[in-house]
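Notes follow the structure.
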Amino acid sequence: MDTRITNIDTKQENMNTKQENMNTKIENLQANVEAKFEAMNNEVRGMKMSLNEVKDGFDHLKEAVLEKIESKERKQEEITRDVSGTASGGRENQHIFVAGGGGRNSVEIFNYRQRLWSLLKPMPSNRDEASSFVYNNHVTVAGGYCRGSSVDNMIQMKIHPVPDLSINWSDFAAKLPTKMFAHSSVVYKDSLLVTGGYNADQRVFSDCIHVVQLKPPYTVKLVSKMPEPRFRHSIVLCDNSILIVGGTKSGKCKDNLSSVLSYNIKKNECQQLRALPYPVSEMATVKWAENVVIIGGADKDGEPLNNVIIYNIKTGNSHMLPPMLHKRKECMAVVIENTIVVLGGEDEKRNDLKSVEGFNFERFSWQELPDMKEKRCLATAVVI
């Protein structure tokens, strides 16, 4: 009996030891589970914080844009007006002027207040991929692809005091540096800055920045060169500099560029800025306050986009705005009042478009506007 009792006691001690081991394992398991739950909670909290930061950033951007709209002190050039200011004569801009594109010589004008399109006198011949600007009370169309070849001449139409449906086109004495198309230009005081494009005389894609005097003797001067050629790109004027955005260096979309350059006109210096989120060409751009808005365009496969990027000129930071209602490349865009208006282009089915849509910063959304009278891609447009 003593032996049996001893055996029972030994077994009881073993069972107690196993129970203690089991309790230890359960405590360790519980601690591990609690640690994992805590780690998961920390990760979820981190994700929530990141999402809140993204949301806060977008909200700050939206608030900043709306503040710009509401500011009565905003200068006229903040909504893509020429620095010279000679076009408007003090009146409010309320018309969009569209010329050429798609092998056309037709010209039409949109009264933004009345939401009405009207045809003007056509240009002497069709023009594709020209540039246009407002200077000295005239709309001027420069260069482009015309009747199977490139041209270097400029033609103009008087728009002061109001656009007249009966006014004919006339020649302007100034000329581009060479016969060219798919270039980009902007007026600075009494000069036209011309960048890139296809140089038909030398049969090369241009990497040049030229200044063309718009007053006698209408001299042309090569002032700088870009790091690579640019074709179907865009430029905007920012105080005493121009911002040169995207494009392709070979004429093929597979060679699209995401790079952004700043050329200081007074210092005659060209520097590289932070790149866009993706390479793009054949897009439209407008200036909005301290930002450039890049609209649509073609990706590296040549497919049209409905993406809209807002790029801060000072910081180089980019954000995505709501996408357009339609995919467009080879389109045009202007700013009128508090709205970005995008016109024409080519869609994903390779159809030329006459549709027009506008992004209103107060509503922060896109809406359809009245169609143009004719389908247009690779046209040119300005606000008058």
Side-chain angles (χ1 to χ4, degrees), residues 79-80 87 93-134 139-142 144-146 155-157 159 162-169 181-182 232 234 282-286 293 295-298 304-306 308 323-360 365-384:
I79 50 174
T80 60
N93 302 313
Q94 54 182 311
H95 294 86
I96 301 174
F97 185 98
V98 185
R104 301 177 185 277
N105 67 339
S106 59
V107 180
E108 50 188 301
I109 192 169
F110 182 61
N111 187 314
Y112 186 74
R113 299 284 175 82
Q114 299 177 8
R115 297 295 201 265
L116 179 66
W117 284 99
S118 303
L119 286 170
L120 299 178
K121 286 289 184 74
M123 296 181 289
S125 61
N126 63 288
R127 291 202 185 213
D128 295 346
E129 303 194 72
S131 64
S132 60
F133 57 92
V134 178
V139 171
T140 300
V141 178
Y145 195 76
C146 175
I155 56 174
Q156 61 182 5
M157 175 183 282
I159 58 168
V162 293
D164 189 334
L165 306 185
S166 64
I167 292 178
N168 289 312
W169 289 84
F181 68 93
R232 293 180 176 171
S234 294
E282 304 176 17
M283 68 291 191
T285 58
V286 296
V293 183
I295 305 157
L305 303 167
N306 62 349
V308 183
M324 289 187 291
L325 303 175
H326 304 280
K327 293 184 177 182
R328 304 172 188 265
K329 63 179 182 179
E330 302 171 356
C331 53
M332 307 147 281
V334 297
V335 172
I336 188 165
E337 295 185 355
N338 63 342
T339 301
I340 298 174
V341 179
V342 184
L343 311 99
E346 184 182 280
D347 66 14
E348 64 270 31
K349 297 180 180 179
R350 303 295 184 261
N351 296 318
D352 288 355
L353 301 172
K354 61 180 179 181
S355 72
V356 181
E357 58 183 295
F359 181 77
N360 184 286
S365 62
W366 292 90
Q367 70 173 86
E368 301 279 5
L369 295 175
D371 287 352
M372 295 183 288
K373 288 187 173 293
E374 298 184 8
K375 298 177 180 180
R376 299 178 190 274
C377 69
L378 302 174
T380 185
V382 292
V383 172
I384 59 175

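Being a predicted model, the structure only gives us computed values, none of them experimental.
A heavy-atom distance below 4.5 Å is found between the side chains of R104 and K375. With contacts defined as side-chain heavy-atom distances shorter than 4.5 Å, the pair L120/F97 qualifies. Here the side chains of P304 and E346 are not in contact, with every heavy-atom distance at 4.5 Å or above. Looking only at side-chain heavy atoms (C-beta outward), V334 and V382 stay at 4.5 Å or farther from each other.
Atom OG1 of T140 sits about 4.0 Å away from atom CZ of F133, to the nearest 0.5 Å. Remark: I167 CD1 to Q156 CD distance equals 11.0 Å, nearest 0.5 Å. Atom CE of M372 and atom OG of S355 lie 7.0 Å apart (nearest 0.5 Å). Summarising the geometry, atom CD belonging to E374 is positioned 6.0 Å from atom CG belonging to L119; distances are rounded to the nearest 0.5 Å. Atoms CD and CG, from E108 and L343 in turn, are 9.0 Å apart once rounded to the nearest 0.5 Å. To the nearest 0.5 Å, the span separating CG on D371 from CZ on F110 amounts to 10.0 Å.
In terms of heavy-atom proximity, V383 sits nearest to V134 at O-CG2, 3.8 Å. Residues I155 and P124 approach most closely at CD1-CD, 3.7 Å, considering heavy atoms. Taking all atoms of both residues into account, the shortest heavy-atom contact from A130 to A142 is CB-O, 3.5 Å. Between I295 and V286 the shortest heavy-atom distance is CD1-CG2, 4.3 Å. In terms of heavy-atom proximity, E357 sits nearest to L325 at OE1-N, 2.7 Å. Considering all non-hydrogen atoms of both residues, C331 and G344 come closest at CB-O, 3.5 Å.
In the model, T380 has no side-chain atom that pairs as donor or acceptor with a side-chain atom of R127 under 3.5 Å.
Without hydrogens or angle criteria, D128 side chain to G103 main chain gives a donor-acceptor distance under 3.5 Å. Formation of a donor-acceptor pair under 3.5 Å by the R376 side chain with backbone atoms of G102 is not found in this model.
Here the rule is side chain to side chain contact (heavy atoms under 4.5 Å, CB included) with I384, and of V139, I336, I96 only V139 fits it. For the side chain to side chain contact (heavy atoms under 4.5 Å, CB included) test with L378, the passing option among K329, R232, E282 is R232; the others fail. Checking L305, L353, N306, D347 one by one against R328, the side chain to side chain contact (heavy atoms under 4.5 Å, CB included) holds for a single residue, L353.
Annotation for K121: atom NZ counts as buried by contact number, over 12 foreign heavy atoms lying within 6.0 Å.
Annotation: ring-ring contact (aromatic ring centres under 6.0 Å, His included) contacts involving residues 323-360, sequence neighbours excluded, comprise F359-F361, F359-F364, F359-W366.
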